[in-house]
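Per chain, numbering begins at 1; letters A, B, ... match sequence-line order.
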Amino acid sequence: MSQLQIYDSHQGALKTFTPLKEGHAGLYVCGPTVYSHVHLGNVRTFLSFDMVFRYLQFLGYKVRYVRNITDAGHLIDDADEGEDKVGRRAKLEQVEPMEIAQRYTVNFHDVMRAFNTLPPSIEPTATGHIVEQISMTQQLLENGWAYEANGSIYFDVDAYSKVHPYGELSGRNLDEMRSGTRELDGQTDKRSPIDFALWKKASEAHIMRWASPWGEGFPGWHLECSAMSTKYLGTSFDIHGGGMDLKFPHHECEIAQNKGANQDGGAQVWMHANMLTLNGKRMSKSTGNTLLPDELLSGDSPHLSKAYPASVARFFIHQAHYRSVLDFSDEALQAAEKGYQRLIHAWKALSERPGEGPSKGSFDVDHWQAQCVAAMNNDFNSPILIAHLFDAVKAIQADQQDRSLLGQSGAKVLLQHLNAWIFDVLGLQDQMRHAHAGSQKALDAAMGIVLQARKQARDQKDWSTSDAIRDQLAAGGIQVKDGTDGSTYTIGE
RNA sequence: GGUCUCGUGGCCGAGUGGCUAGGCAAGGCUCUGCAAAAGCUUGUACAGCGGUUCGAAUCCGCUCGAGACCUCCA
């Protein structure tokens, strides 16, 4: 059996996953900033790491998955402005900052539930860990990697870089960064433009503020993740994940803070999920090139021709590797929906397979399963896994003609494996069924009568009546499918 | 401007020195009262130019094109 290999973006190479504590895995992922709705690009990252979380569990690891909520602290303008996103939005809308954070946190959880992501083991908030952040800042001051200026504390990149390689993660060169940084207008307290804030003094207008040894203020951009990953996973842990756009400066600063305070860079492996683009450009809250989850689920967007179930979006996203840029389009979604339906229909057919045929079939289920595992062990290559799932689809369909292909035990084992891959690892759902679960029984009864009436008309070759029934049902969104052993119906496919 | 990534058949998207990726669409076929659905089947692609090699989509160089980061952003 192959071993799990993960691409470490720190080293730029595949690494065999060897957990620090056998049988356990610690995973930290940068969560959302809750000052507005998450868009589908954000969702892609969280789905990617949800898949990682699920697969680690599939492999038998006991996983502690920590994903934070940033409800304070990220500066909106230059460090000099000293105003954070949550605070600014709050003033615009005349509400309490925590009201904003709460609203969008609830929305975020709704979205995550809609996309069937598993909740993290711990979901800490930045505002709930001010004490830890102050403490880490003090540690950095004591160790000589930070300095106070006018009530604010900055990380001293120049001092740090004499001992540690700042820029190691993102492959940046300090001299180039210095020359490339634009001149600030002299209002800064920073010794060097590449220094970053650990703690910012709050101006009078700033409403999110906490007491600290340096006066009232708020934590800097990058500190919360260092403080919270250390608290819940330790100074050294297995995997740190996040979106590609966080690699610099956010993750670079995290490493510097961790090394500066804990003498350890934190994560053994850094994973970066790539961007989801829309019209060839990355989705971004600030440019407005976004698609919201609600718009996808309702179809209410100029980018979409129809609504799509969340599982279709999941399937679409997992059909691309997490490290590749994926371009979102209505056409691509439609293609994904068809494929997803074929997969689910085959799974359903297998789950309803009668116990026919020999015990052991000719399809080598063990070999097939090994291929699936090998695909996922190769840096979570979900597109290859899905390709293998379609091999199973083909076998299931052939088996309907010739029951010796799967055989009784083969069908049983294959179904167990498929359940694990489709539902447990990929996190897909049989949404066509779920969507109508409540009224399904009543609808089935009514449709049974309608289809029976149509069958009578067909038996009498009364085509005008049978076609009228079919057309009128179609107009109502119900599609009749005539098979060899009777008619069935589907809704909204 | 600097750093980096990518460019695969009509579309999406894997692969990374020799062996059919896969999905969707399209053509053909089966089934069918018709249609739909469903199933079977076909298609030889790797931006351009040059080089290395017995052999390159895969390695190297150049050119063109696209994107990301360098400033908050998954």
Side-chain angles (χ1 to χ4, degrees), chain A residues 12 29-33 35-36 38-49 70 73-79 81 83-85 88 167 170-173 175-177 179-182 194 221 241-250 252 272-277 280-287 290 315-316 319-321 323-329 331-343 345-346 349 375 378 381-391 393-394 397-398 400-401 458 461-463 466-467 470-471 474 479-484 487-490 493:
Chain A
V29 173
C30 293
T33 303
Y35 68 100
S36 71
V38 288
H39 60 247
L40 270 182
N42 304 113
V43 170
R44 181 192 183 190
T45 297
F46 300 130
L47 286 182
S48 295
F49 288 106
T70 298
H74 279 210
L75 301 174
I76 187 152
D77 295 317
D78 284 345
E81 298 301 323
E83 195 174 26
D84 75 43
K85 277 183 173 170
R88 171 163 144 159
S170 53
R172 257 153 244 267
N173 173 304
D175 293 329
E176 283 168 359
M177 284 171 62
S179 61
T181 308
R182 69 199 137 115
I194 53 178
W221 327 353
M244 197 74 107
D245 49 347
L246 295 183
K247 200 170 179 184
F248 186 90
H250 184 62
E252 196 70 68
H272 287 100
N274 219 320
M275 301 291 100
L276 179 67
T277 60
K281 296 264 170 68
R282 66 167 297 195
M283 287 195 197
S284 162
K285 289 174 193 172
S286 47
T287 61
T290 57
F315 182 82
F316 168 69
Q319 254 191 323
H321 188 83
R323 279 195 288 123
S324 297
V325 175
L326 174 63
D327 193 51
F328 184 94
S329 71
E331 205 186 352
L333 254 270
Q334 281 188 24
E337 180 162 47
K338 290 277 180 60
Y340 161 76
Q341 285 170 357
R342 244 185 91 211
L343 176 64
H345 286 154
N378 184 14
N381 200 324
S382 55
I384 297 288
L385 169 66
I386 289 174
H388 290 316
L389 295 185
F390 278 99
D391 290 340
V393 167
K394 225 168 184 184
Q397 275 151 0
Q400 291 182 319
Q401 307 302 317
R458 294 183 75 202
K461 300 197 188 299
D462 179 2
W463 308 127
S466 74
D467 289 355
R470 183 174 71 196
D471 295 345
Q479 189 180 39
V480 176
K481 297 178 177 180
D482 295 332
T484 40
S487 302
T488 58
Y489 73 97
T490 55
E493 286 190 25

Novice: What is the pairing partner of B/C64, taking Watson-Crick or G-U wobble pairs with both distances under 3.5 Å in any strand?
Specialist: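 Base partner found: B/G7.
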Novice: Quick one: is A/Arg342 getting a side-chain N or O under 4.0 Å of the B/G23 phosphate, OP1 or OP2?
Specialist: yes
Novice: Mind checking the P distance from B/C49 to B/C40? Whole angstroms is fine.
Specialist: 39 Å
Novice: Measure from CZ on A/Arg282 to P on B/U71 and round the result to the nearest Å.
Specialist: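 Value for this atom pair: 14 Å.
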Novice: Starting at NZ of A/Lys481, measure out to OG of A/Ser487 and round the result to the nearest 0.5 Å.
Specialist: 12.0 Å
Novice: Mind checking if A/Ser324 touches a base, just sugar-phosphate, or nothing, with heavy atoms under 4.0 Å?
Specialist: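 Sugar-phosphate, no base atom in range.
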Novice: Could you check whether any side-chain N or O of A/Asn381 sits under 3.5 Å from a backbone N or O of A/Ala375, counting only pairs where one atom can act as donor and the other as acceptor?
Specialist: no
Novice: Just checking A/Arg44: base, sugar-phosphate only, or nothing, at a heavy-atom cut-off of under 4.0 Å?
Specialist: nothing
Novice: Under 4.0 Å, heavy atoms only, any strand: does A/Lys247 hit a base, just the sugar-phosphate, or nothing?
Specialist: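 Result for A/Lys247 = nothing.
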Novice: Classify the side chain of A/Asp462 and the base of B/G33 as holding, or not holding, a donor-acceptor pair under 3.5 Å.
Specialist: no
Novice: Using Watson-Crick or G-U wobble geometry with both distances below 3.5 Å, tell me the partner of B/U53, or none.
Specialist: none
Novice: Find the distance between CG (A/Asn42) and SG (A/Cys30) and round it off to the nearest 0.5 Å.
Specialist: 12.5 Å
Novice: Which is true for A/Gly41 with a 4.0 Å heavy-atom rule: it touches a base, it touches only sugar-phosphate, or it touches nothing?
Specialist: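 Here A/Gly41 touches the bases of the nucleic acid.
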Novice: Given the C1' atoms of B/G50 and B/U44, what is the spacing between them in whole Å?
Specialist: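 Taking atom C1' in both B/G50 and B/U44, they lie 25 Å apart.
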Novice: Using Watson-Crick or G-U wobble geometry with both distances below 3.5 Å, tell me the partner of B/U20, or none.
Specialist: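 No nucleotide pairs with B/U20.
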Novice: When the nearest nucleotide of RNA chain B is assigned to A/Ala387 and to A/Val325 on a heavy-atom basis, which residue is associated with the more 5' position?
Specialist: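 Residue closer to the 5' terminus by nearest nucleotide: A/Val325.
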Novice: Are any of the side-chain heavy atoms of A/Asn274 and A/Arg44 separated by less than 4.5 Å?
Specialist: yes
Novice: Just wondering, do A/Phe390 and B/G23 stack (centres under 5.5 Å, planes under 30°)?
Specialist: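 Taking the rule of under 5.5 Å and under 30°, the ring of A/Phe390 does not stack on B/G23.
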Novice: Counting only side-chain N and O atoms of A/Gln397, is one of them less than 4.0 Å from OP1 or OP2 of B/G39?
Specialist: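 Yes.
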Novice: What is the base-pairing partner of B/A45, counting Watson-Crick and G-U wobble geometry with both distances under 3.5 Å?
Specialist: none
Novice: Determine the Euclidean distance between corresponding C1' atoms of B/C46 and B/C59; express it in Å to zero decimal places.
Specialist: 16 Å
Novice: Among the nucleotides B/C12, B/A74, B/C24, which one has an atom lying closest to any side-chain atom of A/Met283?
Specialist: B/A74
Novice: Across all strands shown, which nucleotide pairs with B/U58 by Watson-Crick or G-U wobble geometry, both distances under 3.5 Å?
Specialist: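 Check on B/U58: unpaired, no WC or wobble geometry under 3.5 Å.
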Novice: Sticking with atom C1', work out how far B/G48 lies from B/C6, rounded to a whole angstrom.
Specialist: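 Their C1' atoms lie roughly 16 Å apart.
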Novice: Can you find a pair of side-chain heavy atoms, one from A/Thr488 and one from A/Thr490, that are under 4.5 Å apart?
Specialist: no
Novice: Using the P atoms only, state how far B/A57 lies from B/G67, rounded to an integer number of Å.
Specialist: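 Looking at atom P only, B/G67 and B/A57 are 27 Å apart.
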Novice: For a quick check of understanding: with a heavy-atom distance under 4.0 Å over all strands, which category does A/Arg470 fall into, base, sugar-phosphate or nothing?
Specialist: base
Novice: Check for a donor-acceptor pair, side chain of A/Glu252 on one end and backbone N or O of A/Ser170 on the other, with a separation under 3.5 Å.
Specialist: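 Side chain of A/Glu252 to backbone of A/Ser170, a donor-acceptor pair under 3.5 Å: yes, one is there.
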Novice: Decide yes or no for A/His388 and A/Asp391: does some side-chain heavy atom of the first lie under 4.5 Å from some side-chain heavy atom of the second?
Specialist: yes
Novice: Is there a side-chain contact between A/Lys394 and the phosphate of B/U41, meaning an N or O under 4.0 Å from OP1 or OP2?
Specialist: yes
Novice: Where the side chain of A/Phe316 is concerned, which of B/G33, B/A35, B/C12 is the nearest nucleotide?
Specialist: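 Of the candidates, B/C12 comes closest.
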Novice: Does A/Lys461 reach a base, just sugar-phosphate, or nothing at all? Heavy atoms under 4.0 Å.
Specialist: nothing
Novice: What interatomic distance, in whole Å, is found between P of B/G22 and the corresponding atom of B/C70?
Specialist: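 It works out to 39 Å between them.
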Novice: Between A/Tyr35 and A/Ser466, which residue's closest nucleotide on RNA chain B lies nearer the 5′ terminus?
Specialist: A/Ser466
Novice: Taking atom C1' in both B/G61 and B/U53, what distance in whole Å separates the two?
Specialist: 16 Å
Novice: Contact class for A/Leu333 (heavy atom, under 4.0 Å): base, sugar-phosphate, or nothing?
Specialist: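 No contact.
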Novice: Specify the closest pair of heavy atoms between A/Gly243 and A/His272, including all atoms of both residues, with the distance to one decimal.
Specialist: O-CD2, 3.5 Å
Novice: In whole Å, I'd like the distance from the CD atom of A/Gln479 to the P atom of B/A35.
Specialist: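 Atom CD in A/Gln479 sits about 15 Å away from atom P in B/A35.
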Novice: If you look at every strand shown and take non-hydrogen atoms under 4.0 Å, does A/His39 touch a base, only sugar-phosphate, or nothing?
Specialist: base
Novice: Using a heavy-atom cut-off of 4.0 Å across all strands, would you classify A/Ala320 as base, sugar-phosphate, or nothing?
Specialist: sugar-phosphate
Novice: Watson-Crick or G-U wobble partner for B/A38, using a 3.5 Å limit on both distances?
Specialist: B/U30
Novice: If you measure from the P atom in B/G51 to the same atom in B/C69, how many Å do you get, rounded?
Specialist: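 About 38 Å, rounded to a whole number of Å.
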Novice: Give A/Asp391 one of three labels, base, sugar-phosphate or nothing, depending on what nucleic acid heavy atoms sit under 4.0 Å from its own.
Specialist: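 Result for A/Asp391 = nothing.
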Novice: Expressed in angstrom and rounded to an integer, what is the separation of A/Leu385 atom CG from B/G15 atom P?
Specialist: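 Atom-to-atom, A/Leu385 to B/G15, this comes out as 13 Å.
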Novice: Measure from NZ on A/Lys281 to P on B/G67 and round the result to the nearest Å.
Specialist: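 Distance check: A/Lys281 NZ to B/G67 P gives 5 Å.
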Novice: Figure out the CZ/P separation between A/Arg172 and B/U3, and round it to whole Å.
Specialist: 11 Å
Novice: Distance check needed: B/C12 C1' versus A/Asp327 CG, whole Å only.
Specialist: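 One finds 9 Å between C1' of B/C12 and CG of A/Asp327, rounded.
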Novice: What I want to check is whether an N or O donor and acceptor connect the side chain of A/Ser170 with the base of B/C69 at under 3.5 Å.
Specialist: no
Novice: Just the rounded figure in Å: distance from C1' of B/A21 to CG of A/Asn381.
Specialist: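 It works out to 10 Å between those atoms.
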Novice: Rounded to whole angstroms, how far apart are NZ on A/Lys338 and P on B/A36?
Specialist: 13 Å
Novice: What is the minimum heavy-atom distance between A/Gly242 and A/Thr45, and which atoms define it?
Specialist: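 In terms of heavy atoms, the two residues are closest at C-CG2, 4.1 Å.
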Novice: With the side chain of A/His321 defined as its heavy atoms from C-beta on, choose the nearest nucleotide among B/C73, B/A36, B/A14.
Specialist: B/A14
Novice: Among the candidates B/A74, B/C34, B/G23, find the nucleotide nearest to the side-chain atoms of A/Ala335.
Specialist: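 Among the listed nucleotides, the one closest to the side chain of A/Ala335 is B/G23.
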